[in-house]
Amino acid sequence: MPQQSKQDLPKQDGRSFERWFIPVLIIAFCMVAFWLTTTFKTMPPILKRGIQPSDFPQLLLGLLILLTLFMVWKDPIRIKERMQGSTWGTIALFAVFAATTAIDFFLALAIFAVAMAAYWGERRLSLLALVGLVVPGAIFFIFDQVFEIRFPRGLLTNLWYG
């Protein structure tokens, strides 16, 4: 592949919104998630065999922040074109998903899966219904039955857990 000269690359002014949007979004997400991990219960010293429940996610989130900063410093994003409307729509669907998890995680997951598939162009109702039922159902039963992880109570999970 031939090398591009500097004049072939799009002009970067360093203040472009798109250049900073994703790194700032990643770091903001990590900071909110880190704050949420501070609400985890701590193990009493007598029962502690290693790290506290919050330590591992905090370590991963710190690593994500460092890697994002390293990426911005060593390999900055080069914008070739402005973000498309479909990108903004996808980000909006993630925001809707986050908001509807307050009602029920699996209901939000079903709505998100169907909305994302429809937004990206799927028009067959049978396939949309399958995605809306199979994706959250598979995730729920794998985690609930195989890994034995109970999910937070919500509209649908209250029906299952009783």
task: State which residues pass side-chain hydrogen bond (donor to acceptor under 3.5 Å, both in side chains) with Thr100; sequence neighbours excluded, sorted by chain then number.
output: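 With sequence neighbours excluded, Thr100 shows a side-chain hydrogen bond (donor to acceptor under 3.5 Å, both in side chains) to no residue whatsoever.
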Once ring pair (Phe, Tyr, Trp, His ring centres under 6.0 Å) is applied, do any residues pair with Phe94, and if so which ones, sequence neighbours excluded?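 Partners of Phe94 by the ring pair (Phe, Tyr, Trp, His ring centres under 6.0 Å) criterion, ordered by chain and then number, come out as Phe112.
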Residue pairs passing the side chain to side chain donor-acceptor pair (under 3.5 Å) test where at least one lies in residues 102-120, sequence neighbours excluded: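 Pairs touching residues 102-120 that pass the test: Thr90-Trp120, Asp104-Thr157.
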Residue pairs passing the side chain to side chain donor-acceptor pair (under 3.5 Å) test where at least one lies in residues 131-144, sequence neighbours excluded:
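Passing the test, one end in residues 131-144: Asp144-Trp160, Asp144-Tyr161.
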So how far is it from [X] [atom1] to [Y] [atom2], rounded to the nearest 0.5 Å?
| X | Y | atom1 | atom2 | answer |
| --- | --- | --- | --- | --- |
| Leu25 | Trp20 | CG | CH2 | 14.5 Å |
| Thr37 | Leu61 | OG1 | CG | 6.5 Å |
| Leu67 | Ile27 | CG | CD1 | 10.5 Å |
| Leu128 | Arg123 | CG | CZ | 8.0 Å |
| Phe106 | Leu156 | CZ | CG | 9.0 Å |
| Leu130 | Leu125 | CG | CG | 12.5 Å |

Do [X] and [Y] belong to the same hydrophobic cluster, where Ile, Leu, Val, Met, Phe, Trp and Tyr are linked whenever their side-chain heavy atoms lie under 4.5 Å apart, directly or via other members?
| X | Y | value |
| --- | --- | --- |
| Phe105 | Val146 | yes |
| Phe140 | Phe143 | yes |
| Leu36 | Leu60 | no |
| Val96 | Met116 | no |
| Leu155 | Leu159 | yes |

ask   = Quick one: does Phe97's side chain get under 4.5 Å of Leu109's, heavy atoms only?
value =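 They are in contact (side-chain heavy atoms under 4.5 Å apart), so the answer is yes.
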Test item: Ile26 and Phe29 side chains (from C-beta on) under 4.5 Å apart, heavy atoms:
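When only atoms from C-beta onward are counted, Phe29 and Ile26 do not touch, as no gap falls below 4.5 Å.
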> Under the side-chain contact (heavy atoms from CB on, under 4.5 Å) test, which residues partner Val131, sequence neighbours left out?
Replying inline: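 Listed in chain order: Ala113, Val135.
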| query | At their closest point, which heavy atom of Val114 faces which heavy atom of Gly132, and how far apart are they? | reply |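 Smallest heavy-atom distance, with atoms named: CG2-CA, 3.4 Å.
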Taking all non-hydrogen atoms of both residues into account, name the closest pair between Leu64 and Cys30 and its distance.
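In this case the closest contact between Leu64 and Cys30 is CB-SG, 3.7 Å.
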Using the test salt bridge (Lys or Arg N to Asp or Glu O under 4.0 Å), find all partners of Arg124 that sit at least two apart in sequence or belong to another chain.
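With neighbours one apart ignored, the set is Glu122.
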Ring geometry between Phe21 and Trp88 (parallel below 30°, tilted from 30 to 60°, perpendicular above 60°) =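 Trp88 vs Phe21 ring planes: tilted.
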